[in-house]
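First the structure, in the form of structure tokens, and then the observations on it.
In this text the structure is predicted, and so the values were computed from the model without any measurement. Numbered from 1 within each chain, the chains take letters A, B, ... in sequence-line order.
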Amino acid sequence: MADERGEPRPERLRDRPVRLPDRPDRLTGSLLRWYRRAARTLPWRGSLDPYAIWVSEVMLQQTRVETVLRYYAPFLRAFPTVGALASAELPAVLARWSGLGYYARARAMHAAARTIASRGAFPDAFEELRELPGFGAYTAAAVAAIAFGRPEPAIDGNAVRVLARLCGLRERRPAAEKTLRELARPLVAAGPPSEVNQAVMELGSQVCTRTAPACLHCPWRIPCRARAFGLQGEIPASRPRLARRPLTWAAAVCLDGRGRLLFARRPPAGLFGGLWELPGGEVAQGIGTADMARDLSAALRRSLGAHLTIAEPMAEVTQRLTHRDLRVLAFAARGVPPRPRRLPPGGYLETCLAGRAAAIDLGLSSVTRKLLAVLPPPASMTQIC
DNA sequence: AATTCGGGGTT
DNA sequence: AACCCAGAATT
């Protein structure tokens, strides 16, 4: 129709092949000029220590820079080298991770540290890194590139947004990641891989933001396909929303004569795996506190081998997780002090007594910390022995 | 490809 | 309240 009359067909984004909109060396050049001027000073930037870089990359998984800044230095002070991390016990590592979330990261990092330490050398190639626990496609590429200068494209959430917009890619995650890894390969080959990768991510966090990107300050504003078509708001397509279901836990406040609380260790994997908590468990939705107290008593008999009388609830806290609305009610308990024996499957393997001051050295989730913070002072509570 | 893993800052 | 953040492992 329009073509037959010789008029140019209106160019549409989806008609275009998905490829880099300019030569890799020119894209990398303008990007690096911007990065060297605008990059934030961060503790792990410029580090030459693969271990320190690795720690930063793991902490930064699904976690904002501002949050990681509170954990990074203390963790490195506690575990300064791969050998130190490998020699540490997992509970001590989880204690340093307490509040950071996604605790499988700490478990995997600890396991990988033991492998690396026993091997004697830090793996320096993508394929070797990728085989270690906790090294997915992103982290293996990031460590290979940033610590060892390998030309591997590290595609995180920022890179997906930046590169998808640059190239006008309409695919959504996670499919887009595979496509973008290949599109980004020429870019990291055209400059220092460490800087190119970090520059792409920095651009995503400072300029090419999810909402209201600062296109006028972008070194790629001219070649950017999304900007050319006014599609910055459509690219990349957002993921389907997740349903958040309610989850209610009842926990027992068991106090000994010295004001110490009874803690129990959760199973090594799964939600809050390996962390300490006030012993208890899930209760059905919509039941009253009297029924909760009865269920909690039964659960503790199963999981702890303890016969405790559960009184009224004394505190309640909530925590919003990605896929759960968690609500924890704490019940005062009194009765026979728990005497861990041989426990049935699903029972707690370990318990400990700790005062609230000592509890800061335990691996606790944020919701458990919240709970300890709102508990009444020990003097007002019933003792169990 | 879809879920399950935390927690919190932004909008 | 929705969205998503320097993702990985499991199903």
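Looking at heavy-atom distances under 4.0 Å, A:Arg173 makes contact with sugar-phosphate atoms alone, never a base. A:Leu42 comes within contact range of at least one nucleobase, with a heavy-atom separation under 4.0 Å. Residue contacts shown for A:Pro174 are absent, as no nucleic acid heavy atom lies under 4.0 Å away. Within 4.0 Å (heavy atoms only), A:Ser238 reaches sugar-phosphate atoms of the nucleic acid but no base atom. Among the protein residues, A:Arg324 comes within range of no part of the nucleic acid, since none of its heavy atoms lies under 4.0 Å from any strand.
For DNA chain C, the residues of residues 137-154 of chain A within the heavy-atom distance limit of 4.0 Å (strictly under) are A:Ala137, A:Tyr138, A:Thr139, sorted by number. Looking at residues 263-271 of chain A, you'll see A:Gly270, A:Leu271 sit with a heavy atom under 4.0 Å from some atom of DNA chain B.
Here the range on DNA chain C touched by chain A, meaning any atom under 4.0 Å from one of its heavy atoms, is C:dA2 to C:dA9.
Checked by atom type, the side-chain pair A:Gln285/A:Thr248 shows a donor-acceptor distance below 3.5 Å. Looking at A:Glu177 and A:Tyr138, their side chains never bring a donor and an acceptor atom within 3.5 Å of each other.
The phosphate of B:dG8 (OP1 or OP2) has a side-chain N or O of A:Gln319 nearer than 4.0 angstrom. In this structure, A:Thr322 does not reach the B:dG6 phosphate: none of its side-chain N or O atoms is under 4.0 Å from OP1 or OP2.
Contact of the A:Phe75 side chain with the A:Val93 side chain is registered, since non-hydrogen atoms from C-beta on lie closer than 4.5 Å. Two residues are said to be in side-chain contact when any heavy atoms from C-beta on lie closer than 4.5 Å; A:Leu216 and A:Arg227 meet this criterion. Considering only heavy atoms from C-beta on, A:Pro192 comes within 4.5 Å of A:Leu32 through its side chain.
Rounded to whole Å, atom P of B:dG7 lies 16 Å from atom CD of A:Gln61.
Comparing A:Glu66 and A:Thr63 against DNA chain B, the residue whose closest nucleotide sits nearer the 5' end is A:Thr63. Mapping A:Thr211 and A:Leu364 onto DNA chain B via the closest heavy atom, the residue that lands nearer the 5' end is A:Leu364.
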